[in-house]
Amino acid sequence: MLTPEEIRELEADLAHYPQKQSGCVDALKIVQRRRGWISDDTLREVAVYLEMTPEELDGVATFYPVIFRRQVGRHIIRICDSVSCWIMGYEKVYSALNGTLGIRLGETTADGRFTLLPSACLGVCEHAPALMIDDDLIADWNPGNVDGILSRYP
Amino acid sequence: MAVIYIDNRPYTVKDGQNLLQACLGLGFDVPYFCWHPALGSVGACRQCAVKQFKDEHDTRGKIVMSCMTPAADGVRISIDDPEVREFRASVIEWMMINHPHDCPVCDEGGECHLQDMTVMTGHVHREYNFPKRTFRNQNLGPLVNHEMNRCIHCYRCVRFYRQYAGGRDFDALAAHDHVYFGRSEDGVLENEFSGNLVEVCPTGVFTDKTLKRHYSRKWDLQTAPSICVHCGLGCNTIAGSRYGQLRRIRNRYNGEVNGYFLCDRGRYGYEFVTGDSRIEQPLARPERSAALERVARGEALQRAASFLRDRGRVIGIGSPRASLEANYALRRLVGPDRFYLGVSTEDYRMTAAALKILQAGPARSPSLKEVRMADAALVLGEDVTNTAPVLALALRQLVHPKADAAAKTFDLPSWSDAAIRELVQDEKESLFLATPAHTKLEDAACQTYHAAPDNLARLGFAVAHRIDPASPAVPDLAEEVDRLAEEIAAALVSAKRPLIVSGTGCCSEAMLQAAANVAWALCRRGNPALLSLVLPEANSIGLGLMGGGDLQSAFQALREERADTVVVLENDLYRRESAAAVDAALQLAKHVILIDHTRHAMAEKADLILPAATFAEESGTLVNSEGRAQRYYQVLLPKASVQPSWRWLGLLNEPASGTADEELFKLDGILADIAGELPQFRPILEIAPPSGFRMMGQKVPRQSPRSSGRTAIDAKENVSEPKPPEDPDSPLAFSMEGDEGLPPPALIPRFWAPGWNSDQAVNKFQAEIGGALRSGDPGKRLIEPQVGAQPDFFQTVPTVFEPHDGRLLLVPLYHIFGSEPLSALSRGIAELTSGRYVALHPADAAAQKIAEGDTVQLELDGISLELPVKIAASLPPGVAGLPSGLPGMEHVALPSWCTVTTILQTPPLAPPQNGEGVGGGVGAQS
Amino acid sequence: MERPLTSNIKPGQPAPDLAEYERSGGYEAVRKALRELTPAQLTGIVKDSNLRGRGGAGFPTGSKWSFVPMGETALRPKYLVANADEMEPGAFKDRVLLEGDPHQLIEGMILAAYAIQAEAAYIFLREEYKQAERTLRKAVAETYQAGYLGKNILGSSYRLELYVHVSAGRYICGEESGLLNALEGKRAIPRSRPPFPQTSGLWGKGTIVNNVETLCNVPHIVRNGAEWFRKLSLTGDGGTKLYGASGKVKRPGLWELPMGTPIREILEEHAGGMRDGVRFRALLPGGASTDFLTEEHLDVRMDFSSVEKAGSRLGTGTMIILDDKTCPVGMVHNLELFFARESCGWCTPCREGLPWTEKILREIEAGRGRTSDLDRLALHARLLGPGRTFCALAPGAMEPLQSALKYFREDFERHIREKRCPWS
Ligand SMILES: Cc1cc2nc3c(=O)[nH]c(=O)nc-3n(C[C@H](O)[C@H](O)[C@H](O)COP(=O)(O)O)c2cc1C
Ligand code: SF4
Ligand code: FES
C-alpha cells in the first residue's frame with residue numbers, strides 16, 4: 001500500500017501534467033526514493049494508483065535506467081564510464097572501487113551497503129573522472145582516498 | 001490517381017497510399033515487417049527501404065522508408081537500386097544476429113514472414129560471430145505460446161494488442177537490444193483477440209498453443225475456406241486438417257467481414273471437432289428404455305425409415321447452428337408445415353423482429369467493414385465483446401472524427417499510425433455503450449450507461465425522439481438520461497456514417513424497436529444510418545429467412561397429437577426451453593431421431609442418433625447477422641459413417657420405392673432446390689462456383705504443391721498409396737493436384753504465392769492492399785434495406801424499470817468463453833471458461849447480507865438454482881445477472897423475475913482468476 | 001569582449017538570486033516584451049538575430065518558433081520545453097548555465113513561451129544534475145513569487161506555468177521527440193515527423209523544444225537587439241557560444257567566446273594546450289556524436305557551417321580531446337558502447353547494429369580483431385547513416401566511427417596485426 005506521505009507527494013507532482021499517467025516516471029521515483037527500489041508489489045501499487053496496468057507501468061519503469069526493478073544496496077555508486085572520464089582514468093576509478101568493495105558493475109555488496117553501476121556521461125567532463133554516490137557528485141576524483149569517501153555512506 | 005515512377009517506369013496508383021502499399025499492390029516484392037495494412041505505418045523496422053529521387057536528373061537519390069512515404073503524384077523511386085538492396089539485406093542480417101535460427105523446431109517454419117523476407121532480400125551469409133542475447137519466455141495461458149528469442153522487434157504485437165484490440169496487459173518492456181514483449185509476469189493474456197498475435201507476429205514468437213498438441217506444417221495441411229460457427233458474425237476462416245484430424249483455424253481475409261482478425265473463440269473453438277463428445281457412429285435403442293447401442297449405417301437408415309413411414313406424423317426441428325442446406329433438407333423431409341425452427345419463443349420473436357426491421361426499414365445492416373468505417377456508434381443493450389466479439393473489435397476502429405480533421409490540418413495520411421495517435425491522444429471516439437452491466441468495450445467508449453433492459457430501450461427511444469420528434473417521446477425520463485440521449489443524438493446526427501448496434505442479447509423486443517427508431521430517425525433526416533443487429537448463432541438469420549414455427553409450436557403439435565415422431569437437427573433443445581417443457585414434449589413422441597455431431601442432453605431422449613458432420617467435414621451455407629450468405633467447405637474426411645446432416649436427411653427422404661433424387665445428395669442439387677423453392681435464397685447460387693467449376697481444367701487443390709506427400713503413417717493398414725478422396729460437392733480437390741492460380745475468392749483454400757509462404761501472401765490476392773479480394777469479397781447479402789422507406793416508428797415505449805418488492809430481474813450475461821456450447825468443449829477455451837455464478841448488485845446483496853462467494857438459492861418460474869455469488873457493481877440495482885449457457889447451467893428463460901436467499905455463507909474468496917470476470921468483463925481488470 | 005551568457009556566473013559562488021539577477025538587468029526583457037512586443041514581433045527579432053539552436057543541430061530558432069500555429073484556431077494549451085537533458089558525452093555547457101544563472105534560462109523561457117503563446121513550460125532536466133535541480137527549483141519559486149510566472153504576468157493578460165521535470169535517464173530523452181514521449185510519461189521512443197512538434201508535440205499540441213543555451217540567449221537578444229547579437233559573432237551565425245574542452249588539456253573548462261572562434265584559440269589559449277607529456281592527436285568538436293577533426297583542422301572556426309565544411313559538426317561546441325597516449329580504438333569503442341547502450345530499441349539498424357559495432361570494436365581493442373572487421377565497421381558507418389534509422393542517434397554514433405576509420409586506420413590495423421592494443 002502506498003503510504004499517505006507517498007500519496008501526498010504523488011498528488012502534488014501529478015498536478016503538473018494534464019494526465020495522471022504522464023507523471024508515472026515521477027511517481028516511480030517518488031516511491032523509489034523511500035523504498036530503495038521498485039519491487040513487483042510496489043509496481044502494482046503504483047500502477048493501481050495511476051490507473052495503469054502493471055505492464056504499462058513496467059514498460060516505462062524498465063525503459064529508464066534510474067528506476068531500479070531489482071533490489072539495490074543502500075547506496076548507489078554510479079561511475080561515469082563515458083568518453084572524457086574514460087580518457088581521464090575511469091579504469092583507475094573502477095579498479096579502486098572494485099578492489100575495495102569486491103563487487104563488479106551491476107553488483108551489490110554482500111552487506112547490502114553499496115551497488116555499483118555504470119553511468120552515462122555525468123556532464124562534468126571538465127572535472128573527469130567523476131562518479132556519483134547517491135545524490136553526491138564526486139569529481140576530479142583521485143582514487144587515493146577511497147575509504148574516506150565511502151565512510152560517508154554507512 | 002497518382003502516377004509514380006518505379007525504376008523509371010510509370011505506374012498509376014490510387015491516391016492516399018504509402019509507397020509500400022502502392023508497390024505491393026502493383027505486384028512488386030518489397031519486404032516489410034512493422035507495417036501492417038490494418039495497423040498502418042510506424043517506420044520502425046527499416047525493412048521497406050527504397051531509394052527516392054528528386055527528379056529524373058537526380059542520380060544519387062536518398063533512402064526512404066516506403067511505408068512512411070506517400071505515393072504522391074510524380075514520386076520517383078527505385079526498388080532495385082544496389083545500395084538500397086544492400087541496406088534491406090543488412091536489415092535482415094541485423095534482425096538475425098540474435099534470432100535463434102531454429103526454423104526446424106519452430107511452429108512458424110514454412111509460413112514465416114521472416115523466412116520469406118530473408119529470402120526476398122537475398123541475405124544468405126551472416127557474419128556475426130558473437131554470443132546471442134537470450135530471453136526467458138512467459139506462460140501466456142492456454143492459447144498463445146511465447147518464444148521471445150525469435151523476436152525481431154517489429155512492435156506489431158504491442159501495436160495490435162494494445163492499440164487495435166484494446167488489451168492492456170501486454171507491453172514492450174526494457175530498452176535497446178533488450179526490448180521484451182510480454183506481460184509484467186506470467187499469466188493468461190486477457191484480451192479476447194490474443195490469438196491474432198499468432199498471425200500478426202512475423203515470426204515464431206507467438207504461435208498457436210493448441211496447434212502444438214497436434215502440430216503440422218502449413219504446407220502439409222489440407223486447407224479449405226471455412227466459416228466460423230461460434231457466433232452470428234460469420235468470420236471467414238481457413239480450416240486445416242491432416243490425417244483425418246482438424247489441426248487449426250486461421251483467419252481468412254474477407255475485406256467486408258472479418259478483415260485480418262478473428263476472436264479467440266473462433267480461432268481456438270475448433271477442438272470440439274476432435275473432442276470426446278463427438279458422435280461418430282449411428283446409435284440406437286433396441287427399445288425405448290434401453291441404452292443406446294452402436295448400429296450399422298444400413299440398420300440405422302432402416303430404423304429411421306420405419307420411424308418415418310407415416311410422414312404425416314413426423315415433425316422436424318431445425319437449428320440456427322446448422323447449415324441452410326441441412327435445415328432445408330429437414331424442411332423438405334417433413335414438409336414446410338411440420339418444420340420448426342428449434343428456437344425458443346423469445347428467440348423466435350426476436351429474430352423475426354430483427355429481420356422485419358432490417359427488411360422493411362431504410363437502415364442497412366452493415367458489413368463489419370462498414371462498422372470499421374463508421375464515425376459514431378450507439379450500442380444498445382448488447383455486450384458485443386461476448387456475443388459478437390469481432391464486432392467489438394470493429395467498433396474499436398471507428399473512424400475518429402478528430403483523426404480525420406487532424407489528418408487534414410496537418411496533411412497526415414491515414415496510415416501514419418503513430419502520428420495520428422499522438423494527435424488524437426486518449427480522446428475517445430463517438431462510441432456510446434448502453435448495456436445492463438460493464439462490458440469490456442467500455443475503455444473505448446466516450447459514454448457508458450448501465451441500466452435494466454427496459455431503461456436501456458427507453459434511452460434508445462429518447463435518442464430517437466431527439467433526432468425525430470415523430471418517434472414517440474419517453475415519459476418520465478430522468479434528467480441525466482435525457483442529457484445523455486441529447487448527447488448521443490447530437491453525435492449521431494453530426495456523424496457522416498452513424499451506426500446503431502443492438503441485438504437479441506437482452507431478449508428485449510423493445511430494445512430492437514428502440515434501435516430501429518434511432519436508425520430510422522437518422523435515415524429520415526438524410527443521415528444514412530447503419531443498423532447492425534447481433535443474432536446469436538451462425539445461421540440465425542438463415543433460419544429466420546427460411547421460416548417455420550418456434551419450438552413451443554412443435555411441442556404443441558406433439559401435445560395435440562398431430563405428430564408422434566420428431567427429427568431433431570443439430571440442436572440441444574435443453575438449451576432452448578426449460579428441461580420440464582422439453583421432457584414433457586418428448587415424452588409424447590413415439591420416436592425421436594437426433595442428427596448431430598456432438599453429444600448433449602438430447603442424446604438421452606433419442607431413439608436413434610445419426611452422426612452428423614461438423615463444419616469441418618461438410619460443405620454448406622450459413623447466413624450471418626449482416627444477412628450475408630457464405631459458403632464453407634469440407635476440409636476433413638469424416639470418420640466412417642459420419643456425413644453431413646443434409647445428406648442424412650436426403651437419404652431419409654429417399655422414398656421407399658428407391659428412386660432416389662440423385663441430385664439431392666450433392667450440394668449443388670440441394671442449393672438449386674433451395675434457390676428454386678425459396679426465392680429469398682436465390683443469391684446463394686452465386687456465392688461460389690458449382691462443383692463442376694474448373695480452373696485450367698482442374699480442381700482447386702486443398703493441399704499445397706509443397707506438401708511432403710506420402711508418409712508411412714498409414715502403412716500399418718495399407719502400404720499402397722490411397723486414392724485421394726472424391727469431393728462431389730465442391731470444385732476443391734483433396735490432393736495437391738490442381739491449379740494453384742488465383743481461385744474465385746470464395747474458393748481460396750489458403751493464402752500462398754511464390755515467395756510468400758506466410759499469411760501475408762494475402763497481398764497477392766487483394767485487388768488493392770488492405771481492400772477487397774480480387775473479384776470481390778465473398779458472400780452474398782440476402783437482405784437489403786428499403787431505401788427511402790419511411791416505416792412508422794415503433795410506438796410502445798417501455799415504462800421505467802421498477803425493482804419489485806424483494807425480487808430481482810434476472811438478465812443474461814454472456815461469456816465469450818463458455819456461453820457458446822461447441823467452443824466450450826475445446827480444451828483451451830474450456831480452461832478459460834468461468835464457473836457458474838449469479839451476479840448481484842452490491843446494494844441488493846447487502847440488503848440480504850450476501851457477500852461475494854456465498855451460495856444462494858435462486859427461485860424463478862418454478863426453477864430453483866443454487867449458485868455462488870459474484871458482486872457486480874456495474875449492474876443496476878434490482879437487476880441480477882445469470883451467465884448464459886455456461887457448461888452445466890440449466891436453461892432459464894430470461895429476463896425473468898427471481899428471488900434470492902442465502903444458503904451458505906463462505907469466508908471471502910480469493911480474487912477471481914484471469915478470464916473469470918462476470919459477463920466476461922464485469923469485475924475484470926479495467 | 002561581451003559575455004552575455006556567463007557574465008553572472010562566478011565560479012565557486014552560488015547562482016545569483018532573483019534580486020541579483022534583476023540588478024544585472026534581469027527580467028527587463030520580459031517587461032519589454034510583455035509591454036511592447038507582440039508575439040510575432042518577438043519571434044521576428046529572434047529570427048533577425050540569426051540565433052541558431054545550441055542543442056546540436058543548429059536549426060534557426062526564430063523560424064522554428066514561427067511554425068507554431070497561432071491565433072484562435074490553434075489547439076491549446078501550447079507548450080514550451082527547455083531541453084536540459086544534456087547527456088551527450090563530453091557536453092557540460094548547459095549544466096554550467098543551469099547551476100550558474102537559472103533566472104537567465106527562466107527569463108528566456110518566458111520570452112519563448114510568450115512568442116508562441118504557450119500556456120505551460122517544462123524544464124526537462126537530466127536526473128544527475130542535482131545541483132542544477134536545487135538551483136532551478138529555488139529560482140522558479142522566486143519567479144512565481146515575483147509575478148513573472150503564473151497568472152497575469154506583470155499585469156498583462158499573459159499567463160504561464162513553469163515546471164521542473166526531472167528525467168530518469170537515457171540519452172534518447174534529449175532527442176526532442178523522444179523527450180516529448182518521456183515528458184508524457186511514456187517510453188522515450190522518438191516520434192515520426194511529420195507532424196513536427198511545433199504543430200503536434202506534447203499531448204498532441206503545438207510545442208517548442210529548445211536547448212538551454214539557446215533559450216539563455218533570448219533575454220539578451222530582446223534587451224539588446226538583433227543587430228547587437230549578430231555582431232557578437234565572428235561569422236554569420238549570431239551570438240557568442242559556450243565552448244568547452246575536456247580530455248588531457250591543461251585547463252579543461254568552459255568559455256563563452258564569440259561564435260566562430262577558431263579551434264586553435266580555444267585549445268591553446270583557453271584550455272592551455274595539452275598537458276605535459278602528451279601530444280594532441282585529434283578532437284571531437286561538439287560531443288560524442290561528431291566526427292573527429294585532426295591537426296589539420298585546428299584553424300577551423302567553431303561555427304555551424306565552418307565545422308561542417310571541415311567534415312564534422314559543431315554539435316554542442318564542447319570538444320573532447322584525444323591525445324597520443326590514449327588509444328583511439330579504445331576511445332571509439334567507449335563511444336559506441338555508450339550509443340549501443342542508449343539506443344531506444346525502436347529501429348533495427350540502431351538496436352542491433354550498434355551492439356554489433358561495439359562488440360567488434362571491443363574485439364579489436366582486445367587484440368582479437370580480424371581484417372574483415374574493418375569492412376564491417378565501414379559498412380555499419382554507412383548503413384547506420386542519416387535517413388536509414390528512425391532518428392539521429394545512430395547516425396550520430398557513426399560520425400566518430402567513420403572519421404576514426406579515416407584518420408586512425410593504421411591504429412586499427414596495428415591492433416589487428418599485433419593482436420593487442422599498442423597502448424596497453
Ligand atoms: C540522440 C539525440 C540526443 C539529443 N540530446 C540533446 C540534449 O541532450 N540536449 C539538447 O538540447 N538537444 C539534444 N538533441 C537535439 C534535440 O533533438 C533538439 O534538436 C534540440 O533540443 C533543439 O533545440 P535547439 O533548436 O535549441 O538546438 C539530441 C538529439 C539527438 C538525436
Ligand atoms: S536510431 Fe532508432 S533505435 Fe536508435 S534511438 Fe533512434 S529510433 Fe531508437
Ligand atoms: S515496414 Fe516500413 S519501416 Fe517497417
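Owing to the predicted nature of the structure, the values given are computational and were not obtained by experimental measurement.
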Item to check | OG on C/Ser246 to CE on A/Met88, rounded to 0.5 Å | outcome: 8.0 Å
Next on the checklist: Please classify the contact of C/Glu128 with chain A as side chain, backbone, both or neither, using a heavy-atom distance under 4.5 Å.
Outcome noted: both
Checklist entry - What distance separates C/Cys173 SG from A/Tyr64 OH, expressed to the nearest 0.5 Å? => result 4.5 Å
Item to check | Options A/Val60, A/Ile67, A/Val83, A/Val25, ranked by heavy-atom pairs under 4.5 Å with chain C, top entry | outcome: A/Val83
Checklist entry - Side chain, backbone, both or neither: which part of A/Ala128 has an atom under 4.5 Å from a heavy atom of chain C? => result neither
Checklist entry - Given side chains that start at C-beta, do those of C/Tyr129 and A/Leu137 come closer than 4.5 Å, heavy atoms only? => result no
Item to check | 4.5 Å side-chain heavy-atom contact, C/Tyr171 and A/Cys121 | outcome: no
Checklist outcome for this item: Ordered numerically, the heavy-atom neighbours of chain A under 4.5 Å found in residues 92-99 of chain C are C/Phe92, C/Arg95, C/Val96
Checklist entry - If you round to the nearest 0.5 Å, how far is CD of A/Glu91 from OG of C/Ser424? => result 10.5 Å
Checklist entry - Taking the side chain as C-beta and beyond, is there a heavy-atom pair between C/Lys130 and A/Met132 under 4.5 Å? => result yes
Checklist entry - Is a side-chain N or O of C/Arg170 found less than 3.5 angstrom from the main chain of A/Phe63, in a donor-acceptor match? => result yes
Checklist outcome for this item: Assert top hit (heavy-atom pairs under 4.5 Å, partner chain A, pool C/Gly244, C/Gly247, C/Ala245, C/Gly253) equals C/Gly247
Item to check | Engaged part of C/Ile321 at the chain A interface, taking heavy atoms whose separation is under 4.5 Å | outcome: backbone
Item to check | Criterion side chain to side chain donor-acceptor pair (under 3.5 Å) on C/Thr326 and A/Trp86, from CA distance to verdict | outcome: CA-CA 10 Å; C/Thr326 301; A/Trp86 180 82; over 6 Å; no
Checklist entry - Is it the side chain or the backbone of C/Val249 that comes within 4.5 Å of chain A heavy atoms, both, or neither? => result neither
Item to check | Nearest heavy-atom neighbours spanning A/Pro65 and C/Gly169 | outcome: CD-C, 3.8 Å
Item to check | Side chain / backbone / both / neither for C/Ala271 at chain A, heavy atoms under 4.5 Å | outcome: neither
Checklist entry - Can you tell me if NZ on A/Lys92 sees more than 12 non-hydrogen neighbours from other groups inside 6.0 Å? => result no
Item to check | Those residues of residues 6-16 of chain A, ordered by number, that approach chain C below 4.5 Å (heavy atom to heavy atom) | outcome: A/Ala15, A/His16
Next on the checklist: Parallel, tilted or perpendicular: which one describes the rings of A/Tyr17 and C/His165, with boundaries at 30° and 60°?
Outcome noted: perpendicular
Next on the checklist: So C/Arg341 and A/Pro118, do their side chains get closer than 4.5 Å, heavy atoms only?
Outcome noted: yes
Checklist entry - In terms of heavy-atom pairs under 4.5 Å, which option from A/Lys29, A/His127, A/Glu126 contacts chain C the most? => result A/Glu126
Item to check | Neighbourhood of chain C inside residues 70-82 of chain A, taking heavy atoms under 4.5 Å as contact | outcome: A/Arg78, A/Asp81, A/Ser82
Checklist entry - Which of the residues C/Gln131, C/Lys248, C/Arg126 is involved in the greatest number of heavy-atom pairs with chain A at under 4.5 angstrom? => result C/Arg126
Checklist entry - Can you tell which of A/Cys24, A/Ala120, A/Cys85 has the highest number of heavy-atom pairs within less than 4.5 Å of chain C? => result A/Ala120
Checklist entry - Under a 4.5 Å heavy-atom cut-off, does chain A meet the side chain of C/Arg275, its backbone, both or neither? => result side chain
Item to check | Toward chain A, the part of C/Arg251 with a non-hydrogen atom under 4.5 Å | outcome: neither
Next on the checklist: Quick check: do C/Asn334 and A/Ile87 have side-chain heavy atoms less than 4.5 Å from each other?
Outcome noted: no
Next on the checklist: Under 4.5 Å from any heavy atom of chain A, what part of C/Ala120 do you find: side chain, backbone, both or neither?
Outcome noted: neither
Next on the checklist: What part of C/Thr318 gets within 4.5 angstrom of chain A, counting heavy atoms only: side chain, backbone, both, or neither?
Outcome noted: neither
Checklist entry - When you measure from the side chain of C/Lys186 to the backbone N and O of A/Ser22, does any donor-acceptor pair fall under 3.5 Å? => result no
Next on the checklist: At a 4.5 Å cut-off on heavy atoms, which part of C/Glu88 comes close to chain A: side chain, backbone, both, or neither?
Outcome noted: backbone
Next on the checklist: Counting heavy-atom pairs under 4.5 Å with chain A, which one of C/Cys327, C/Ala288, C/Ala182 comes out on top?
Outcome noted: C/Ala182
Checklist entry - By number, which residues in residues 76-85 of chain C have some heavy atom less than 4.5 Å away from chain A? => result C/Tyr79
Checklist entry - Which heavy-atom pair separates C/Gly90 from A/Ser84 by the least distance, and what is that distance? => result CA-OG, 3.9 Å
